[in-house]
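Step one of this worksheet: look at the structure below.
On a predicted model such as this, the values are computed, not experimentally measured, just so you know.
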Amino acid sequence: MSSLTVGGLAHTSRAADLPAPDPQRIFAPLAYPDQPNQARSGGGVPGPAYFTNRADYDIKVAIDPTNKVLSGTETITYTNNSPDALAVLWLQLDQNIYRADARADFVNPERHAEHTDGDVIENVSIESDGKDVPLTPLISDTRMQLVLPQALAAKGGKVRVKIAWHYTVPGPWGGRTAVTPSKNGDIYEIAQFYPRMAVYDDLRGWDTAPYLGQEFYLDYGDIDYSVTVPWNFTVVGSGALLNPADVLTQVERDRLAQAEKSDQHVMIRTAADVTDPKSHLAQTGTKTWHYRMNNTRDVAFGASPAFLWDAAKIDLPPVVPAPGKPPVARLAMSIYPVEGAGPHQWDRSTDYVKHAIEFFSDRVYPYPWPNAVNLGGHGAGMEYPGIVFDGMTDKDPVLFWLTTHELGHGWFPMIVGSNERRHAFMDEGFNTFIDAQASQHFNHGEFAPKHDSEYASQTGHPSDDIVAVLTDPAAPNLMMPSDLVTERYRHPVTYFKAAYGLTLLREQVLGPERFDRAFRRYTAQWAYRHPTPSDFFRLMDSEAGEDLSWFWRGWYFNNWGPDYAVRGVSYVDNDPTHGAQITLVNKGWLPLRVSVAVTYTDGSTVTLNVPTETWLMRNETVLQVPGGKAVRQVVVDPDHLIPDIERSDNSFTVTAAKPADAPPAH
């Protein structure tokens, strides 16, 4: 049986199994999952009671390359802006996903061939009256609870938490964070490396969904972090380097100054530098690299003796990297081993970085941070604020698409902080949508259209490729919780379907002008906040001036699609000069606006546009075509602008009447 939910999460059966469309169900009012209140308004914007808590971090870590162990200490200054006093704090220990007893190991055992001991918490304390008061943490899988000796006051209460920990950095099997061998040394891609505050929000209080292999949900704050490594390592990470004189040679600093004025990338560390010990400031001991990133939900970094490093300016205004510091220029950067060098490989990476940051800043929302870094390493294809991890052997369109996609995550979910652990389509889909636009824009469409595992993977034509998803009875819908979407459907649904849905909304439903304005307002209103799908739906309805319930229901809550057929062509009074009548049938549950091309026998054409409202009370309509000419053919959606599920009945050829037999000769 087909499943035709009005607002639920059921799957949809194949198009062939669906009954005739029911307009009363298609266009019925839709109750969004979250109801408006003082925190989230009916217009989809934050309400007067909306809040986000704040987490500021001071982190110091060191890497022991002999044992591949990272050890660290941190002080978290946590501000409770909520209306509730907090008796406990919850933190995330994401390294525990690598433990043999991790819940994730049972959900996706194929991802965890090897294991570590996860985060080893050495001690935890809070500051009280100038003294450190020890706390005994309660660790549950990838979460840690701290019971406070006194509840943290609402609406501005602050607490300082101190934690010491260490863990073994996973090898290449670590995926999103790993240590990977290269020709000139190990490459450390370090992420999820410090205990991080869970989010306390107006929806659930503490959101403690465990880390099962999806992604993250984090609050914002300033993160000051220092990384101690051997003398021959280069460290590049999120934010701005605050102590260049302590870790970089004068040559490297001069090259960075040159890059600040250059649209073309400047080599900061060359292949020759990688094998020359004198290219470093010291030849023994360790060095500590000091970075800071303001108003961010996270940081990550790369460290290696193998890095080539290049940079170019980003055409955006300078930013202040830290309190009391002068503004600094923005830089697009790439770090990668010699294996990645080459004109079709990482030699072009910084061009891609520069384009992505400038393009998305212009089209979506201004990039807020000092630098944007692309790291060539293990190849997890993973994003963090200000830095992304891609593959050292990526090249040509793959490198462009990956770089653009991962950096696009700087907007979704790094600026717009949606909950990736629950609603993956709000970051992957939104980001893939803007990526596809960036592909069209870069270098006159050099890598257009976007055509990879994330988008239109079969033919490059999204309206055709998405039909396989819409007609697959096992395919989840977009509202399915992230952890319930199997790997088979993660790219086709969470990325591709979500992105193409926005394209349809922009190109076929609202038009670019209305859509773009509403989408930019959504981004600005929810920057550094936590929107839900309901917030997005309401804002787009309100700002675009349409009740889009039918679209959200069909595309997001179900896997419905459009399906039209031409049933026949006739003439008024059987006379072409009196006009033609085209019988158009709607067989689909997502009645998108559609064009109908009419070709006359003399070769001329006319196009009719059929709006969605045509189908409010019927599944069949007759289109009137002005008279004067005989019709040769009618084609529905001739340019494949919508994902019509069954195209075999989209065209109708008019057969000319045969002349009567001539009388016999006498």
Side-chain angles (χ1 to χ4, degrees), residues 60-70 169 179-190 225-262 264-292 300-313 321 328-329 331-343 345-350 353 370-371 373-378 387 389 392-393:
K60 295 177 173 58
V61 298
I63 293 176
D64 171 6
T66 301
N67 299 302
K68 295 181 172 55
V69 169
L70 181 145
V169 181
V179 54
T180 307
S182 75
K183 180 179 178 180
N184 292 306
D186 288 338
I187 297 173
Y188 286 81
E189 297 168 70
I190 302 298
Y225 66 106
S226 297
V227 182
T228 299
V229 290
W231 61 271
N232 63 335
F233 275 49
T234 296
V235 177
V236 181
S238 304
L241 179 64
L242 299 186
N243 66 334
D246 296 337
V247 292
L248 299 177
T249 65
Q250 186 63 53
V251 170
E252 290 168 326
R253 284 179 280 154
D254 289 345
R255 291 170 177 171
L256 281 169
Q258 181 184 351
E260 292 175 358
K261 302 177 178 62
S262 176
Q264 306 300 317
H265 76 257
V266 174
M267 295 302 302
I268 313 305
R269 286 191 60 79
T270 67
D273 292 332
V274 169
T275 57
D276 180 7
K278 294 182 180 178
S279 68
H280 296 280
L281 201 60
Q283 282 74 51
T284 60
T286 61
K287 287 292 180 183
T288 298
W289 300 65
H290 183 190
Y291 279 89
R292 183 184 175 96
F301 65 89
S304 179
F307 283 147
L308 283 69
W309 180 10
D310 69 58
K313 72 173 182 178
V328 297
L331 287 173
M333 299 181 180
S334 299
I335 51 173
Y336 50 94
V338 293
E339 290 92 325
Q345 294 179 258
W346 282 76
D347 290 9
R348 297 191 69 186
S349 167
T350 293
V353 175
N371 302 318
V373 182
N374 196 15
L375 184 158
H378 165 62
I387 188 170
F389 298 166
M392 67 176 81
T393 59

Check: Where do Val236 and Trp309 land on the side chain to side chain contact (heavy atoms under 4.5 Å, CB included) test, with the steps shown first?
Finding: CA-CA 9 Å; Val236 181; Trp309 180 10; 4.0 Å; yes
Item checked: Worked verdict on Asn374 versus Ser334 for side chain to side chain donor-acceptor pair (under 3.5 Å) -> CA-CA 5 Å; Asn374 196 15; Ser334 299; 5.0 Å; no
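Contact of the Pro230 side chain with the Pro305 side chain is not registered, since no non-hydrogen atoms from C-beta on lie closer than 4.5 Å. The side-chain heavy atoms of Val179 and Ile63, taken from C-beta on, include no pair separated by under 4.5 Å. Between His280 and Trp231, some side-chain heavy-atom pair lies under the 4.5 Å cut-off. Put simply, the side chain of Ile268 does not reach to within 4.5 Å of the side chain of Met333, judged on heavy atoms. Within the 4.5 Å cutoff, the side chain of Phe233 has heavy atoms near those of the Tyr188 side chain. Under the 4.5 Å side-chain criterion, counting only non-hydrogen atoms from C-beta, Ile190 is in contact with Val169. A 4.5 Å side-chain heavy-atom check between Trp346 and Pro337 finds every atom pair outside the cut-off. Tyr225 places none of its side-chain heavy atoms less than 4.5 Å from the side chain of Val61.
Nearest approach of Glu339 to Lys183, heavy atoms of both residues: OE2-N, 2.6 Å. Here the shortest heavy-atom pairing between His290 and Ser226 reads CD2-OG, 3.5 Å. Heavy atoms only, all atoms of each residue included: Thr66 and Asp64 are closest at N-OD1, 3.0 Å. Ala259 and Ala311 make their closest contact through CB-O, 3.5 Å (heavy atoms, listed as atom of the first residue, atom of the second, distance). Shortest non-hydrogen contact noted between Gly302 and Leu375 is CA-CD1, 3.5 Å. The two residues Ala245 and Leu281 make their nearest non-hydrogen contact at O-CD2, 3.5 Å.
Note that NZ of Lys313 is 11.0 Å distant from CG of Leu331, once rounded to the nearest 0.5 Å. Separating the CD1 atom in Ile335 from the OG atom in Ser349 is a distance of 9.5 Å, to the nearest 0.5 Å. To the nearest 0.5 angstrom, Phe301 atom CZ is 9.0 Å from Ile387 atom CD1.
Looking only at atom types and distance, the side chain of Thr288 has a donor-acceptor partner in the side chain of Thr228 under 3.5 Å away. Side-chain contact, Asp254 with Gln258: no donor N or O sits under 3.5 Å from an acceptor N or O. For the residue pair Thr350/Asp310, the side-chain donor-acceptor check at 3.5 Å is satisfied.
Salt bridge Glu252/Arg269: present, at least one basic N to carboxylate O contact under 4.0 Å. A salt bridge links Arg255 and Asp273; the closest N-O separation between the charged side-chain nitrogens and carboxylate oxygens is under 4.0 Å.
Between the side chain of Ser304 and the main chain of Asp186, a donor-acceptor pair closer than 3.5 Å is present. Remark: the backbone N or O of Val235 is paired with a side-chain donor or acceptor of Tyr291 at under 3.5 angstrom. Judged purely by atom type and a 3.5 angstrom limit, Asn67 has no side-chain atom pairing as donor or acceptor with the backbone of Val69. Checking side-chain atoms of Glu189 against main-chain N and O of His378 turns up a donor-acceptor pair under 3.5 Å.
Every side-chain contact (heavy atoms from CB on, under 4.5 Å) that Val247 has, sequence neighbours left out, goes to Leu241, Asn243, Lys287, Trp289.
Just one of Asn232, Thr234, Asn184 meets the side chain to side chain contact (heavy atoms under 4.5 Å, CB included) condition when paired with Val274; it is Asn184.
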